[in-house]
Every structure is written in structure tokens, then in C-alpha cells.
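Notes for the one structure printed next.
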Amino acid sequence: MTAVRLMLVYPAAATGVFLSLLQVAAPDIALLTVTRRRDARTEWHAVVRRFVFWSQEVGARRGIVVWLQMIVLFLAASLATGAINSLVFSSSEWRWSFQPSIAAFVLALLIALFLDAGALFEENGWRGYALPLLLRRYPPLVASLMLGLAWAAWHYPVKYNAFLDYGLVDGALYLTAFTLKIVLTTIIITYFWQRAGRATIIAVAMHGLSNDSLRVQGRLVGDSSRISILSELTISAPLLVITVFLLWRTRGRLGVPATPANPPLPSR
């Protein structure tokens, strides 16, 4: 929506907007490239079938419950980050000015869930294709860690300026904190994605919420290494609590029910 508004106001920006969206869509473009092979057509059809709110096996009743739990949890995590930010940063570095009407909040929530560019153009690649392939060979936690590291590393080329702005040490610390956030988010997404029956649309929604499209985490003023590193850590703190709880609650299965076909993972 922002891209459309920009092009309406300044048509000459169309090329830049197109290229920026093309960069964001790289995972889905890679998916289309890989599945064009004849022997991979079945994988493409599987990706298409996963692009639903919930699977038929889960059903609408359970699916709606999973969605509501996901939305509440991600909003709570963002609000917790906002509260932590109010303690960590000074008033000149951080502002919390989120005071919308109920109607505006609902509209913003719908946009965050379904129209975040990064979420909409990446998730068929990450959760629609890559994660199911990893789960064929690895347990859910291992698959999530591998995907989370790949997802984080995919962002590195557009974050090279961290080293230019902060120096080698602080740039590395920033990318480490950023990677931690992405890996924790990936584990949580895997849990709800599996509970919804491996449905990609719920991953799109979680991706959008994790980007704080609602701006409920507050607004940081300034671009120092201290602010950037701490902001990634304050986002990660609630996610870490949620991740530990989900791993404990599911014994590492992250949403996969323990059945004869899926026996409990051995304890270590």
C-alpha cells in the first residue's frame, strides 16, 4: 500500500519500488525457479495446497483458535518489547505514541497480518517449501534452527551498512542480535504453522506481526550501535521466553502431535 501511494505521488519512483519489491520476493522467486523442473512439479503443487488458513485435517474450529492464540501471543510479545524499551532507552531515544481508535487498530491489524510485503513475498519460499523439506530429514527444532539461520543470513547483504556505520565489532554484535531474533521467531512460527496443519498463510501473518507492522513496540529515535543492538535484544527477550515455553510444553515437537506415526522425541 505504501508502494502504491509512493508511485501515485511520484511516478518516477516506480522502477526503484519494483526493484525493492523484487529483492524482498527473492525467496519466492527462488521457489518458482526450483520448481520449474519437471521432477519438482509435485513440490510446487504441494506449496500451492499449503497456501491456506488451516488444513482440512485441522478444520475451521481448531484453526480459528490457533489463529487467535497466535495473534494474542505476538501482540503480547510486541507490547512486552515496548514496555522493556521504556525501561532501557531514555525518553529522547524512544517514544511510544501508539494511540489509535479501535477501527484504526483493526484496520492496521489486518494490514499487518496480510499485506506486509516481506511476509507476503517470502513465506511460500521459507515455510511453504523449505521448511517441509527440512522436516523430512530433521526434527522440528533442528529444522527451525537451520531455516532461521538461513533466513537471517539472507538479510545480511542488505545490512552491510552495519559495519560501515558501527565498525567491525559493533556491526558483528548487531548482526548476532539480529540473527538471534530471527531464529527465535522461526521456532515460534514453526509451532503455529504446524498446529494450523502446515498452512502458509498463518506464517505470512506471523511474519507481518513480527515486523511490528502495527508499531506497538514504540519508535526509536537515532541510529547508534547501542540503540540498534539493544533494540534487537529487547525484541528477542519476550520471544526467548515464548520459545523456551513452547519447547518445554511440546517436548521439542513444536506443534506435531505425538501419535504412533509421530512418536515422542527421545529425551536427552
Exercise. Would you call the rings of Y166 and Y174 parallel, tilted or perpendicular if under 30° counts as parallel and over 60° as perpendicular?
Worked result: perpendicular

Problem set entry | With V47, the side-chain contact (heavy atoms from CB on, under 4.5 Å) member among H45, E43, R50, R49 | R50

Problem set entry | Heavy-atom pair with the smallest gap, counting every atom of L184 and S236 | CD1-O, 3.6 Å

For this session: Answer yes or no: are there more than 12 heavy-atom neighbours, outside R249 itself, under 6.0 Å from its atom CZ?
Result: no

Exercise. Going through the checks in order, is the side chain to side chain contact (heavy atoms under 4.5 Å, CB included) test met by L173 and S225?
Worked result: CA-CA 9 Å; L173 288 175; S225 59; over 6 Å; no

Exercise. Should Y129 and L133 be marked as a side chain to side chain contact (heavy atoms under 4.5 Å, CB included) after you check the CA-CA gap, both sets of side-chain angles, and the distance that decides it?
Worked result: CA-CA 7 Å; Y129 180 71; L133 290 183; 3.4 Å; yes

For this session: Indicate if L109 and V204 have the same hydrophobic cluster label, given that clusters are the connected sets of ILVMFWY residues with side-chain heavy-atom separations under 4.5 angstrom.
Result: yes

For this session: Determine yes or no for a side-chain-to-main-chain donor-acceptor pair under 3.5 angstrom, with D28 supplying the side chain and G125 the backbone.
Result: yes

Problem set entry | ILVMFWY network linking V24 to F18, side-chain heavy atoms under 4.5 angstrom | no

Exercise. Hey, are the side chains of S144 and L254 touching, using non-hydrogen atoms and a 4.5 Å cut-off?
Worked result: yes

Exercise. Could you go step by step and tell me if F74 and M206 meet the side chain to side chain contact (heavy atoms under 4.5 Å, CB included) rule?
Worked result: CA-CA 8 Å; F74 269 84; M206 287 183 281; 3.6 Å; yes

Exercise. At their closest point, which heavy atom of I242 faces which heavy atom of A77, and how far apart are they?
Worked result: CD1-CB, 4.0 Å

Exercise. Linking I/L/V/M/F/W/Y whenever their side-chain heavy atoms sit closer than 4.5 Å, directly or via other members, would L230 and V241 fall into one cluster?
Worked result: no

Exercise. Is there a side-chain contact between H207 and W151 (heavy atoms, below 4.5 Å)?
Worked result: yes

Exercise. Does N85 use its side chain to pair, donor to acceptor, with the backbone of Q217 at less than 3.5 Å?
Worked result: yes

Seminar exercise, completed: Heavy-atom nearest pair, I182 first then A152, reads CG2-N, 3.7 Å

For this session: To the nearest 0.5 Å, tell me how far L31 CG sits from W126 CH2.
Result: 11.5 Å

Problem set entry | Co-membership, hydrophobic cluster, residues L247 and L145, 4.5 Å side-chain | yes

Exercise. Do Q194 and R253 have side-chain atoms, one donor and one acceptor, less than 3.5 Å apart?
Worked result: no

For this session: Determine whether I227 and E93 make a side-chain contact, defined as any pair of heavy atoms from C-beta on separated by less than 4.5 Å.
Result: yes

Exercise. Using the ring of each side chain (for Trp, its six-membered ring), is W248 parallel, tilted or perpendicular to F245, with breaks at 30° and 60°?
Worked result: tilted

Problem set entry | From CG (L164) to NZ (K159), nearest 0.5 Å | 13.5 Å

Exercise. What are the two closest heavy atoms between L214 and L75, and how far apart are they?
Worked result: CD1-CD2, 3.3 Å

Exercise. Closest approach of G148 and V183, non-hydrogen atoms and distance?
Worked result: C-CG2, 3.9 Å

Seminar exercise, completed: Here the gap from I235 atom CD1 to S78 atom OG, rounded to the nearest 0.5 Å, amounts to 8.0 Å

Exercise. What do the steps show when you test F89 against S231 for side chain to side chain contact (heavy atoms under 4.5 Å, CB included), and what is the final call?
Worked result: CA-CA 9 Å; F89 298 103; S231 67; 4.3 Å; yes

Exercise. Between G208 and A119, what is the shortest heavy-atom contact and its length?
Worked result: N-CB, 3.6 Å

Exercise. Any side-chain heavy atom of I202 within less than 4.5 Å of one from F53?
Worked result: no

For this session: Indicate whether the side chain of W154 and that of E122 have a donor and an acceptor atom separated by less than 3.5 Å.
Result: no

Exercise. Any chance the side chains of Y156 and T179 put a donor and an acceptor closer than 3.5 Å?
Worked result: yes

For this session: Taking the six-membered ring of W54 (Phe, Tyr or Trp), confirm whether the NZ or CZ of R61 is under 6.0 Å from its centre and within 45° of its axis.
Result: no

For this session: Any chance you could measure L239, atom CG, to K181, atom NZ, to the nearest 0.5 Å?
Result: 9.0 Å

Exercise. Should V65 and I71 be counted in the same cluster of Ile, Leu, Val, Met, Phe, Trp and Tyr side chains packed under 4.5 Å apart?
Worked result: no

Exercise. Between atom OG1 of T186 and atom CH2 of W193, what is the distance when rounded to the nearest 0.5 Å?
Worked result: 12.0 Å

For this session: Look up atom CG in L209 and atom CG in L73, then write down how far apart they are to the nearest 0.5 Å.
Result: 10.5 Å

Exercise. Any side-chain heavy atom of W94 within less than 4.5 Å of one from V88?
Worked result: no

Exercise. So, R215 side chain and D212 main chain: donor-acceptor pair closer than 3.5 Å or not?
Worked result: yes

Exercise. Any side-chain heavy-atom pair from F114 and L120 closer than 4.5 angstrom?
Worked result: no

For this session: Anything under 30° is parallel, anything over 60° is perpendicular, the rest tilted; go ahead and classify F178 against H155.
Result: perpendicular

